[in-house]
Structures are given as structure tokens and as C-alpha cells.
Amino acid sequence: MLLSRKWLSEFVTVDANDKDFSEAMTLSGSKVEVTEDLGAEISNVVVGRITSMERHPDSDHMWVCQLDVGQAEPVQIVTGAWNIHTGDLVPVALHKSTLPGGKKIEKGKLRGILSNGMMCSLKELALDERDFPYGVITPAALLNDYHPLDKEKPSIPADIQPGHKIYGPVVAAKVLSCTTVSYGLYHTQLDLGGAAAEVDSPCQNMHEGDMVAYNTKAGTICTLEDLHAQQAEFPHCITDGIFVLNEDCKPGDDIKPIINADDHVVEFEITPNRPDCLSVIGLAREAAATFHTELRLHEPVVKGGAEGALSDLLDVETPAADLCPRYTARMVRNVKIAPSPKWMRERLRSMGVRPINNIVDITNYVMLEYGQPMHAFDYRYVKGGKIIVRRAEEGETLTTLDGNVRKLTANHLVIADETRAVGLAGIMGGENSEIVADTADVVFESACFDGTCIRKGALSLGMRTEASAKFEKGLDPLNTLPAVNRACELVEMLGAGEVVDGIIDVLNFVPQPRVLPLEPEKINALLGTDIEKDEMILILRKLDFTVEGDQVTVPSWRGDVEGMADLAEEVARFHGYNNIPTTLMRGQTTLGGYGTEEQLERQVGAVCRSMGYDEIITYSFISPTQYDKIRWPKDYSRRESLKILNPLGEDTSIMRTTTLPSMLEILTRNYNYRNQNVKLYEVGRTYTPGGDRGLAIEKKVLTLGAYGSDMDFYAMKGVIEAVLKDLRATDISFRTGTGEPTENSYHPGRYATVWSCDTCVGCFGEIHPLTAQNYGVDGAFYCAELSLDALAQVKGPDPEYVPLPKFPAVTRDIAVVCDNAVTVGALEDCIRKGAKGLLKDVSLFDIYTGAGIPAGKKSVAFNLVLRADDRSLTAEEADADVKSILDALKSDLGAVLR
């Protein structure tokens, strides 16, 4: 954001140089990036009045001029410019002066004549005709300088005489004298060859002795346009030349104030949360609070009175009310398009905006002053006199002011009339409603649009503008009315038109001020300060916050202030960060550590690594075809996945509901790389649709995967047991599958679910050969999927110290005969159930089938360890416990002592 300090001085008086101003504003939160003195490169350039002109003795196009520059003696300057006359005021770069671009001017000789400086053009002062429209030169066609480009065109004889006919009523005329009547108007006496004429002409390049073309019928001196000639055919008939001043100045005056080179421009880095500071008034508020001075704001006053009633001339509808909180419009009639006054052009140029014409300049001026983007429509192009704020139709096109045809979608917001779009809301107007030279009636639009819609619309079209940059940050809807009134006030001030009475103001929101409690104790605690409450109130009031008792009403333009911390920031930056004392850290400190879930992840990871497993991390998004590869049925509910809106490709288009495909992909890659033995684990996430507010249900899964010469079903089972035992889970058991569709991924005879008490922890097994075949593998893969939530649920309490047993244990070996269908796990569970409290451990040591064992039966042998904690067991007590165990085995499982 550029800020003209001359413009700023209209609202606040700041007595500080650029360095002090920048430091103070930066410390108060408005960071200054660069300061620029617009006249830093201009020195020793003053106003001079031409007192006499003589032709150079050795040149047919140069003049030797004497100029009054406010010194005791006139200054002699030689120039080749043909647009100057005696009495003209011009910028003079004296000996040892400097001009923009680092150009240095020193005295010297031009064809033997001393020149003590240089008279300057607009370009040499880094200006153009938009800065000073009156500086444009209207040249006459000088016949003695004619050089035809087309060979078929008649040439003018070198000895052409006054009165010779050129064509039609146009004859040659010799300038006898040329004197200045007023600025831009010259009285010439002409010799027509036996006749004479006197003409007042705006042509600036005529001097005594020049031969010009004179239209005897019109009584005017011909320009290049009149002769249908090109500028190249008349080398001295150029629109560029010495800048002849038409300002209130005198010889010797410094040129800087005259051309606005005495202004200083400050560039601020405005953060996105402060769109109010993207304006002169917004920064004036900050400067007034920073320098403890008065803020002078102006309430726009509009006289109105133009013919017609606004309600009869214009109507506004907002079908897209959700994207347009407020739309304000006024109308101006009998518009007179002209250049803006010098003061407005200077301010616009200082702020980096090129002047165009009075109406367009007014919209830019208000945008810079109030921070409210505005647009002006030519009323005659608003069909039906109706403005409609709507979403664009799919495929609708609009040619914008930059001449490009834009293809729109339903996501774009447009300003339309009854038949078509006439502008992109908040971005750029349409070419079909722009202000042109013959515009008579103008509609001023001052609206507030949804910032997100404008940002996305501008981004999709690749056309970020000054207006869209402001709207996308979120503007104050209450600013639209004063902004449009200011525009109409400027119209009346500049005499650019007549304002129609009345305002169209469509509000699609209910203004509700934000009220916050003032809590000095909390603010001081947050800042580490002891600022008095009265000082806090004074600071907030300087920023236009309303403070009544312990309630603070936030001004509408401060949408960034939402809570106590924001009020504390306002207090801190204007109390002065450098005034906050440096102290040791105070307050309660907390001991950092891992949460319960993090501890569990680290624990199971440590166990896996101790078993030789390496950790992997895979993407949570997969291809839908992965569900086919792991052989899930087409109608299985777990295939329903969250789809990614902007996927990198089909292979990463959905969020996984299982981690198994990711593990198999990595195992397959290692298998193809011929890694012989691989053991991997991952704590990964799965995502299932159906959460609150449409969000996914996110779960973590411990996934194990392995293959190799030392890997089989029981090796994987051992790893799972190690994990569960490290977590101190109890009653660990392994059961057959239940026929769930997920089991299709595993070998039906080498698959089991994992249980702790009544909680299913997960499953494991050998990957089904058909699944492995889908991955191009002909070996055996073993995988396990364990829910981290279930592991946390079955995790036992933290271990407590228990002294070593003082009394010896008693061991017993038993062998029971049971059906082949009875599992060892069921036998172990029954043994533990039948014990009377003395059993400490049970372990399998033999399974036998064969001679002596009936068909369909098997012998299973266990070692039992019994112990009492308070005494030595007797043989009778041990036998009684064993008998109870055998009775339970017989009654529950039909297993009898062998």
C-alpha cells in the first residue's frame, strides 16, 4: 500500500521526517517497507521566463534564449525546441543540476554558443501528458520543414513564396510575427503574398519567418491532421517539446512543488487481517493514534438536484444475496468528461495510479481514500435501467475492460442488466459499459461482495486486480454509503456532472456491532505489563473503539478484533512494545510428555522393532482397484470410501478403509527386488465415512507384514503374543474366522482372530494365494491387522513391584485324551478355569496321536506350576487342585486323564 504524505496531511498533522515516521508506524504495527522522496533526483531545477529568443547563427533549427531565473543576470540557454515563445514560463535545469534517472546537466557549448543549462520537457521530468494535459503541443504544419514520404505526393519547392496555392483553399503563408495572447493561444500576422491575415492559433511551434499552410476559407492555420499528413513528414511538427508552465509560479521558484515532486511516498506492508489500512483514512487513523494527534475526517456533503427521480431511473436486484451483503448506488447526469484537476492527478500518481479522466479518476480516488472499490457504469448501456447482482450462467461470456473475452461459470458473480452481464463483480467492469468521451449519465456502484467468491473468481480467470485484492480480504459493508457520497461530492466539486437526489441502498445483512468485555487484569497478565485501565481506555478510544464501563464496542471496519487477545494487541502496540519491561518468564510451567495414545504407539513400535520388524509409512489415499486386488466383494460396505476432490490421479483418488493393500504393495516391491527375508510394520490410519458433520471416522491400525524362510503362521502368532504380553493384556486367545468378507484376503485354513478377554483385537494369517497372485507374487505373505483402539482397551495396568516368591513351587504333568477338534487354547482356558487359585503357569509340552490313542482322538500333555504365596504346599493341596482341573476338563471338553 502506497501512501502520499501530502494526502495524509489532509487528515492528520504529523511533524516527523520520513525516518522517524517509518520507525514510529512500524513499531505501532503498520510495517513500512520503503520510503521515497519523489523529488530526490531533481536538484537545481527552477522556473524560468523566456525574455528573448534569437536564431542560432550556425543552425536552422536551434534558438539562443535568454531566461530570467530569479537571479541578478539572465541565463543563456541554447535549445532545439520549436514550441517556446518569449514570455513563456518553463522548467530550467541550471548548471550542475540533476534530473530523474540520474541525468546530470552542466553548461557547455552547442555549435559554438554557450548554453548554461537546459529547458525541460515533461518526459525529462518523469511526467507525461496525463499529469499535465495542457502540456500537449498542437503543432502547425511548417512547410519549410516538409519531406514527403510518398514519392507520388507533390513536393513543396524550396523557394515557395507566400500566396502559392497548395491545394483547394489552402495557400502558403509566411509568419510575420507571433506573440502570446494567453496560455496556449498565439496571435500571428501572416503574409499571403499581396494580402495579409491575422489569426489567433493554439499552434505553439510557429515563429517569425516560418512558412505555414493557411486555409483561406476557414481562416485557420493548418495542422498535420488538416493536411492528412504524417508527423514523419514534418520533423519539427512534434507533440513533444519544452513543458510550458501554466501554473501560479514566478521565475526562480523551485520546480518540485509545482510538479508535485515535493511529496514523500511511504510503502506499507499491510497484513491480510487489516483491509481497513488499505486506504488513506485507515492509515491516517493509525498515524493519529501513533503520534497522539487529532484525526480530521470529512463528512461528504452532496447537493444533488439533478433532473429525475432515482427510483424511476434505476432499480437494483440482488438474487445472489449471500454473495452481496450490501449494494449502494447513486446516479450522475449531464456528465462532462474532462481531465481531472491537478491536485487530484498529483495524488493519484503519488499513490501509483495513472490519471485517466475525471469520472474514472474519482472512482480510483475514493478507492484509495476510503478503501472502498467503486465502479462507474455508462447508464445508457444498462438495459432496462436495472442492475442485477447474480451468479453467472454456465458458459456465459463477458468482454472485460482489458479487451479480453472471459468465459464464466456459475461460481462467478456478475453485475448484469436485464439482458447480459456488464461487469465482473469486485474484479473488473465490462467493455460494454465503460466510460467514454460522450458518456452523459453515470451510475456509481459502491458495493460489498463476499471475499471468498471474489478471490476464487479472480484466481480462476487469472486476473487479480486492485479491487479484487481488497474485496478478497473482507471489507466493511458500512463503508459503501459514505464512499458513494464522497464520489458524488467530488463530481460536484469538479463540475463533472449533476447528482440525482436519492440513494439505492440494498442491505442483505443485519449490522450488529461486536461488543467485548474490557478485562485489564487479563490483558496485563497476557502482556506481562502493569498498564493502567485508564491508559487502555485512552488507547482504544484513539482507535475509535467505544468504551462504556467495562464494555468495548468494536468499530465496523475492525473485523479482526474478535476477543480479549485482540484488544490486548491494540493496547500493546500503542503503549509501545519497547515500553514493555524485560522480565524473567513468569507463570506456571508444565512438564511435557507423551499422551496416552502416543505412548501406546511408541510401545508397540518398540516391541515390533525388537522382533526384527522395520517401520514403514505409506500414503492414506489409494486406488479403488486395491479393494479388488484384496478380493473384497463388490457389495461389501467397507468399499465405500471418501473421495478426494483434487486427486493426483486415479491411483490416489480415495481414502483407504483398510491398511492391508498398502502393506501388500510394499511387501510386493521388496519381493520383486529379491529381498529374501522382509519384516515390516506400520501404525497407519484408515478413514470411514459417516462421522459427525459429514467428517470421516479416523482410526489407527497396527499392520504387520512379513515373508521369508523363517516366517510362517506361528511366527506371526508369536509376534502378536509378544505385543499383547508387553501391553500386559490378559486372557489372550486365538479363534477361527467368522466368515466376514475381509477374510477373503487370507488363506481360509491359516487365518485367526486375536482376542483378549471378550475384546477382538484384530486378525492375522497367511495371505490367500489368489490375493498374492493379484499382486504378481508366488510366495507366502503373512500379515496382521490390529486395532490400536482395541489394544488401548485391553492394555493392562502399569506393573507394580512384587517380591520374589519365598515358597517353593510344586509341578505336576498331566496328559489328557480329547477329540481332535478340541484346540489347545480351549484346553488351556479350561485348565485355568478349573484351578482353585494355586495355579501359576501352564505350558504345553506334547501332542501325541498314534498307538494307544483311539482314532479321532489326541493326547495333549501340559506342565502345571502351583504355588501358594504364604506357605509351602502339601502334596494333598496340590493333588486337590489337579483333581479340580481334571474334573473341569472332563465335564467341559470331554478330556480324560490318559
Check your understanding: Hey, does the Lys NZ or Arg CZ of R602 hover above the aromatic six-ring of Y594, less than 6.0 Å from the centre and inside 45° of the axis?
Key -> yes

Check your understanding: Is there side-chain contact between T652 and I644, with at least one heavy-atom pair below 4.5 Å?
Key -> no

Check your understanding: When rounded to the nearest 0.5 angstrom, what distance separates CG in L897 from CG in L889?
Key -> 9.5 Å

**Study point:** Closest non-hydrogen atom pair, S872 against P808
**Key:** OG-CD, 3.7 Å

Practice item. Working to the nearest 0.5 Å, report the span between NZ of K836 and CG of D881. Key: 7.0 Å

Point to revise | Greater than 12 external heavy atoms within 6.0 Å of R514's CZ | key: yes

Exercise for review: Can you see which heavy atom on C783 is nearest to which on Y746, and at what distance?
Suggested key: O-CE2, 3.7 Å

Revision key, fill the gap. To the nearest 0.5 Å, atom CD of E682 lies from atom CD of E615 at 8.0 Å

Review point. To the nearest 0.5 Å, what is the distance between CZ (F845) and CG (D813)?
Key: 4.0 Å

Check your understanding: Is K717 positioned over the aromatic face of F764, cation under 6.0 angstrom from the ring centre and no more than 45 degrees off axis?
Key -> no

Check your understanding: Less than 4.5 Å apart, any side-chain heavy atom of R812 and any of I885?
Key -> no

Check your understanding: Any ion pair linking D731 and K833 (charged N to carboxylate O, less than 4.0 Å)?
Key -> no

Exercise for review: Report yes if some heavy atom in the side chain of R558 is under 4.5 Å from a heavy atom in the side chain of R274; otherwise report no.
Suggested key: yes

Point to revise | Exam field: side chain N677 to backbone S709, donor-acceptor pair closer than 3.5 Å | key: yes

Check your understanding: When you check the side-chain N and O atoms of R656 and Y619, is any donor under 3.5 Å from an acceptor?
Key -> no

**Study point:** Backbone of R639 reached by a side-chain donor or acceptor of T657 within 3.5 Å
**Key:** no

Check your understanding: With the threshold set at 4.0 Å, does a side-chain nitrogen-carboxylate oxygen contact exist between K857 and D819?
Key -> yes

Check your understanding: If you measure from SG on C760 to CZ on R735, what distance do you get to the nearest 0.5 Å?
Key -> 8.0 Å

Check your understanding: Are any non-hydrogen side-chain atoms of L516 and D566 less than 4.5 angstrom apart?
Key -> no

Point to revise | Cationic N near anionic O, under 4.0 Å, D887 to K883 | key: yes

Check your understanding: Would you call K806-D870 a salt bridge at under 4.0 Å N-O?
Key -> no

Review point. Do you know the tightest heavy-atom contact between I814 and V882?
Key: CG2-CG1, 4.0 Å

Review point. Just how far is it from atom NZ of K629 to atom CD1 of I622, taken to the nearest 0.5 Å?
Key: 10.5 Å

Revision key, fill the gap. Note: L702 and C608 closest approach over all heavy atoms is CD1-SG, 4.2 Å

Review point. Is a side-chain donor-acceptor pair under 3.5 Å present for N675 with Y707?
Key: no

Review point. Is the distance between the ring centroids of Y613 and Y681 under 6.0 Å?
Key: no

Practice item. State whether the number of non-hydrogen atoms from other residues, nucleotides or ligands found under 6.0 Å of E532 atom CD is greater than 12. Key: no

**Study point:** By side-chain contact (heavy atoms from CB on, under 4.5 Å) - contacts of C453 (at least two apart)
**Key:** L323, L413, D450

Study note, to complete from the structure: Nearest heavy-atom contact between P854 and G852 is CD-O, 3.9 Å

Point to revise | Partner of T703 under side-chain hydrogen bond (donor to acceptor under 3.5 Å, both in side chains), chosen from T659, T658, T618 | key: T659

**Study point:** Lys/Arg-Asp/Glu bridge criterion (N-O < 4.0 Å) met for D550, K533
**Key:** yes

Practice item. Would you indicate whether the side-chain heavy atoms of E665 and Y775 approach each other to under 4.5 Å? Key: yes

Review point. If we only count heavy atoms from C-beta on, is the T771 to H747 side-chain gap below 4.5 Å?
Key: no

Point to revise | Any R631 side-chain heavy atom under 4.5 Å of N774 side chain | key: yes

Review point. Are side-chain N/O atoms of N273 and T271 paired as donor and acceptor at under 3.5 Å?
Key: yes

Review point. Do Y687 and S620 have side-chain heavy atoms sitting under 4.5 Å apart?
Key: yes

Exercise for review: Please lay out, stage by stage, how K679 and D710 fare under the test salt bridge (Lys or Arg N to Asp or Glu O under 4.0 Å).
Suggested key: CA-CA 10 Å; K679 297 178 180 178; D710 60 345; 3.5 Å; yes

Exercise for review: Determine which pairs satisfy salt bridge (Lys or Arg N to Asp or Glu O under 4.0 Å) with at least one residue from residues 751-771, sequence neighbours left out, and list them in order.
Suggested key: R750-E766

Check your understanding: Do you know which two heavy atoms are closest between A790 and T759, and how far apart they sit?
Key -> CB-CG2, 4.3 Å

Review point. Checking R638 against W632: charged group under 6.0 Å from the ring centre and within 45 degrees of the axis?
Key: no

Exercise for review: Please determine if R867 and D841 form a salt bridge, counting it only when a charged side-chain N lies under 4.0 Å from a carboxylate O.
Suggested key: no

